[in-house]
Amino acid sequence: MGNIGIGEILVLVLVVLILFGPNKLPELGKSLGKALGEFRKGIREGMDDKESSKSDTSASSKPS
């Protein structure tokens with residue numbers, strides 16, 4: 001369970017093509033790419049914030 005084969009991918013592509021049409025597919029791909037880029041950017045910023053707050057708390061918790 002959970003394995004997607006070639007047949008399932010072809011059916012999925014066919015359904016998307018029928019639903020959106022060939023003229024909308026490039027626009028759909030472009031917006032999906034932008035959304036994925038924004039998601040990765042947000043994840044990266046969240047990880048950077050987490051690491052910087054982790055180093056800030058460890059630096060402030062050290063006795064002087």
Side-chain angles (χ1 to χ4, degrees):
M1 187 170 173
N3 294 334
I4 298 177
I6 298 294
E8 290 88 1
I9 292 174
L10 290 175
V11 170
L12 183 62
V13 167
L14 183 65
V15 168
V16 168
L17 185 61
I18 290 171
L19 288 176
F20 295 106
N23 295 334
K24 287 285 186 177
L25 285 182
E27 183 180 325
L28 185 64
K30 183 178 178 181
S31 60
L32 182 64
K34 284 184 179 181
L36 186 60
E38 288 293 321
F39 178 75
R40 287 180 178 170
K41 181 181 173 186
I43 293 293
R44 209 173 315 126
E45 288 176 354
M47 292 177 80
D48 289 345
D49 289 345
K50 185 177 178 181
E51 288 175 2
S52 67
S53 67
K54 186 186 237 186
S55 64
D56 289 345
T57 57
S58 65
S60 64
S61 64
K62 289 183 180 179
S64 40

Candidates Ile18, Val11, Leu10 - the one meeting side chain to side chain contact (heavy atoms under 4.5 Å, CB included) with Leu14: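 Between Leu14 and the candidates, side chain to side chain contact (heavy atoms under 4.5 Å, CB included) is satisfied uniquely by Ile18.
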How far does NZ of Lys34 sit from NZ of Lys41, to the nearest 0.5 angstrom?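 Nearest 0.5 Å value for the NZ-NZ distance: 13.0 Å.
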So, taking the atom named CG in Leu32 and the one named CG in Leu25, what distance separates them when rounded to the nearest 0.5 Å?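 Here the interatomic distance stands at 11.5 Å.
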When clusters are formed by joining ILVMFWY residues with side-chain heavy atoms under 4.5 Å apart, either directly or through shared neighbours, do Leu28 and Leu36 land in the same one?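 No; tracing contacts between hydrophobic side chains, which count when under 4.5 Å, never links both residues.
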Would you say the side-chain atoms of Glu27 pair up with the backbone N or O of Lys24, donor to acceptor, closer than 3.5 Å?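 Flag not set: sc Glu27 to bb Lys24 has no pair under 3.5 Å.
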Should the heavy atoms of other residues, nucleotides or ligands under 6.0 Å from CG of Leu19 be counted, would the total exceed 12?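 Counting other residues, nucleotides and ligands, CG of Leu19 exceeds 12 neighbours.
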